[in-house]
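Following this message is one structure expressed as C-alpha cells.
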Amino acid sequence: MLETLPNGFPSEALARIQPSATIAVTQKARELKAAGRDVIGLGAGEPDFDTPDNIKDAAIAAIRRGETKYTNVEGIAELRTAVAAKFKRENRLDYTPAQTFVAPGGKAIIYNALMATLNPGDEVVMPAPYWVSYPDIVLLAGAKPVIVQTRLEDGFRLAPDALERAITPKTKWLIFNQPSNPTGACYTRRQLQAIADVLLRHPQVWLLTDDMYEHLVYGGFEFHTVAEIEPRLYSRTVTMNGVSKAYAMTGWRIGYCGAPEPLIRAMAKLQSQSASNASSISQWAAVEALNGRQDFIPQFQKVFEERRNLVVSMLNQARGIECPKPEGAFYVYPSIRKLIGKATPQGQCIENDEHFVRELLESEGVAVVHGAAFGLSPFFRVSYATSTAALEEACRRIQRFCASLR
Ligand code: GLU
C-alpha cells in the first residue's frame with residue numbers, strides 16, 4: 001500500500017485521488033476469471049468486438065515500413081489531417097491540422113488540457129453522474145471539482161439553471177460528456193443550445209466536451225456537439241474524441257481533440273515532458289480508422305441497440321430495480337433505491353450501492369460498477385458491450401439476486 005511507504009510517499013497530489021473504479025472492477029473481474037471463477041464482467045467500458053481488419057492491416061503495414069520511431073508530440077501529420085477531416089465531415093467543425101492534438105487515449109487529452117490550464121483554487125463544473133476520472137484529474141491539478149447533481153426523472157441531463165447556479169468567477173471549465181458514461185444520456189440540439197446559452201453569459205468558462213461515444217446512438221437519435229451548434233463557443237471549446245469506442249480500439253490508446261492553437265501548444269509542452277507521443281503504430285492504425293471504410297459503425301450500432309433493449313427490459317423485470325432507457329453509449333444506470341435497507345439471505349443489510357455490487361459479485365459472479373464512483377447513488381452502471389448470451393445470463397443472475405433480498 002502506498003500509505004505505508006517511507007520518505008513521505010505518496011505525494012499530496014496523489015493522496016487527493018482514488019484509483020479509477022472502472023479500471024479496478026474490470027481488473028478484479030479479469031483476476032477472478034483467471035482464478036477459475038464463473039464471473040460475467042459488465043464493468044469494463046469497452047466494445048467486445050475485434051478491431052476491424054483494415055485497421056489492423058494498416059498497423060502491420062506501418063510496422064513493416066519502419067514507422068516505429070518517436071513522432072511529433074502533437075501526432076503525425078497524416079493523423080492530424082485525418083482528425084481535421086473527421087471534424088469537418090461528421091461535425092461540420094472547422095479545425096486546421098494545427099488545431100488538433102493526438103494523445104495516448106481520450107483520458108490523456110483531458111489530463112493534458114486540465115493540467116495545462118488549472119491553478120489551485122480554480123473550479124471545474126461537471127454534472128453527476130460523471131465519468132470517474134474527471135474529478136480526480138481536476139483534484140490532481142490542485143483545482144476543485146464542482147458537482148451538479150442530475151436526476152433520473154430528467155434522464156440524468158444537466159439542467160441549465162443548475163449549471164448557471166454552479167458557475168462562479170473561479171469557474172474555468174465545464175466538462176460535458178454525451179452520450180454519457182455512465183448513464184447513456186444524450187442531448188438534443190435544443191437541449192445543447194440551452195447549455196450553450198448559459199456558457200455564453202460566462203465568458204471565463206471554457207468547455208471540454210467529451211464526445212467519445214458520438215457514434216453509439218440509437219433509435220435514430222442525431223448526435224450534435226456544442227461548438228457545432230453554437231459557433232460563438234468555438235474559441236473556448238476543446239472538442240475531444242477518440243477511436244476507442246467507435247472502432248473497437250480501446251487497447252491502441254488513441255484520443256484526439258480540436259482546440260484553439262495556444263491550448264494545443266500548452267498541451268504539447270506538457271506531453272513533451274510526459275508520454276512524448278502516442279504510439280506511432282497506433283497513430284497509423286487511427287489514420288486508417290478515420291479515413292477508411294466506416295460501414296461497420298452502423299453494424300456495431302445495431303448490435304448495441306438490440307443489447308440495450310434486452311438489458312433494459314430484463315433489468316426492469318428484476319425486483320426493486322428501475323432502469324431508464326438511454327439514447328446512447330453502451331451503458332445503463334439503474335436505480336436500486338428500493339433495495340437499500342433490504343437483507344441478503346445471509347442476513348447482511350444492503351447499505352449502499354457499493355455494498356450491493358460487492359454482494360452481487362460475491363453471490364452471483366456479476367461484476368458491475370457502483371454508482372458512488374460516478375457521484376450519484378444509489379445506482380450501478382452496467383456495460384452492455386458484451387455478448388448477448390452473457391448479458392442474458394448476467395441479467396438472470398441480477399434478477400435472482402434481487403429476488404433473494406428481503
Ligand atoms: N471508459 C471506460 C470505462 O468507463 C474505460 C475504463 C476507464 O478508463 O475508465 O469503463
Side-chain angles (χ1 to χ4, degrees), residues 17-31 33 39-49 51 103-114 126-140 145 156 175-186 208-217 240-257 275 278-279 282 300 304 307-308 311 326 328-334 353-354 357 361 366-376 379-386 390-391 394:
I17 67 169
Q18 301 292 325
S20 161
T22 47
I23 290 183
V25 170
T26 310
Q27 233 158 267
K28 172 102 197 226
R30 208 180 285 137
E31 279 163 23
K33 263 191 239 172
V39 168
I40 306 178
L42 307 183
E46 67 175 345
D48 53 320
F49 306 123
T51 305
K107 198 183 287 182
I109 293 284
I110 300 168
Y111 184 90
N112 285 333
L114 295 179
M126 63 191 80
Y130 43 72
W131 180 44
V132 293
S133 295
Y134 300 150
D136 285 86
I137 296 174
V138 171
L139 287 168
L140 202 55
F156 301 111
I175 305 184
F176 185 74
N177 161 232
Q178 60 107 20
S180 156
N181 177 2
T183 67
C186 296
L208 200 169
T209 161
D210 175 349
D211 299 348
M212 191 58 95
Y213 296 87
E214 160 180 19
H215 289 296
L216 303 180
V217 287
M240 186 279 260
N241 211 316
V243 295
S244 291
K245 306 301 180 331
Y247 302 96
M249 293 177 69
T250 46
W252 300 76
R253 311 308 304 131
I254 294 290
Y256 58 81
C257 71
S279 147
S282 297
F300 288 175
F304 281 135
R307 291 176 182 173
R308 175 199 62 166
V311 167
F330 40 57
Y331 306 110
V332 290
Y333 202 65
D353 50 30
E354 190 163 5
V357 307
L361 180 60
V366 176
V368 294
V369 189
H370 55 292
F374 305 99
L376 190 67
F379 293 85
F380 64 99
R381 185 189 82 171
V382 168
S383 160
Y384 55 83
T386 192
L391 284 172

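Every number for a ligand or one of its atoms is a count from 1 in the order of the listing. Starting from 1, each residue takes its place in the sequence as its number.
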- Message: T250: which residues meet the side chain to side chain donor-acceptor pair (under 3.5 Å) condition with it, sequence neighbours left out?
- Response: E46
- Message: Less than 6.0 angstrom separating the ring centers of F374 and F156, yes or no?
- Response: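 So the answer is no for these two rings.
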- Task: Just say parallel, tilted or perpendicular for the rings of F379 and Y333, cut-offs at 30° and 60°.
- Result: parallel
- Task: Compute whether any side-chain donor of one residue and acceptor of the other, for W252 and T51, lie under 3.5 angstrom apart.
- Result: yes
- Task: Determine, using ring centers only, whether Y247 and F300 are less than 6.0 Å apart.
- Result: no
- Task: For ligand 1, would you mind listing the residues that have at least one heavy atom less than 4.0 Å away, ordered by chain and number?
- Result: S20, T22, I23, G45, K107, W131, N181, Y213, K245, Y331, R381
- When you check the gap from the basic side-chain N to the acidic O, do D136 and K107 get nearer than 4.0 Å? no
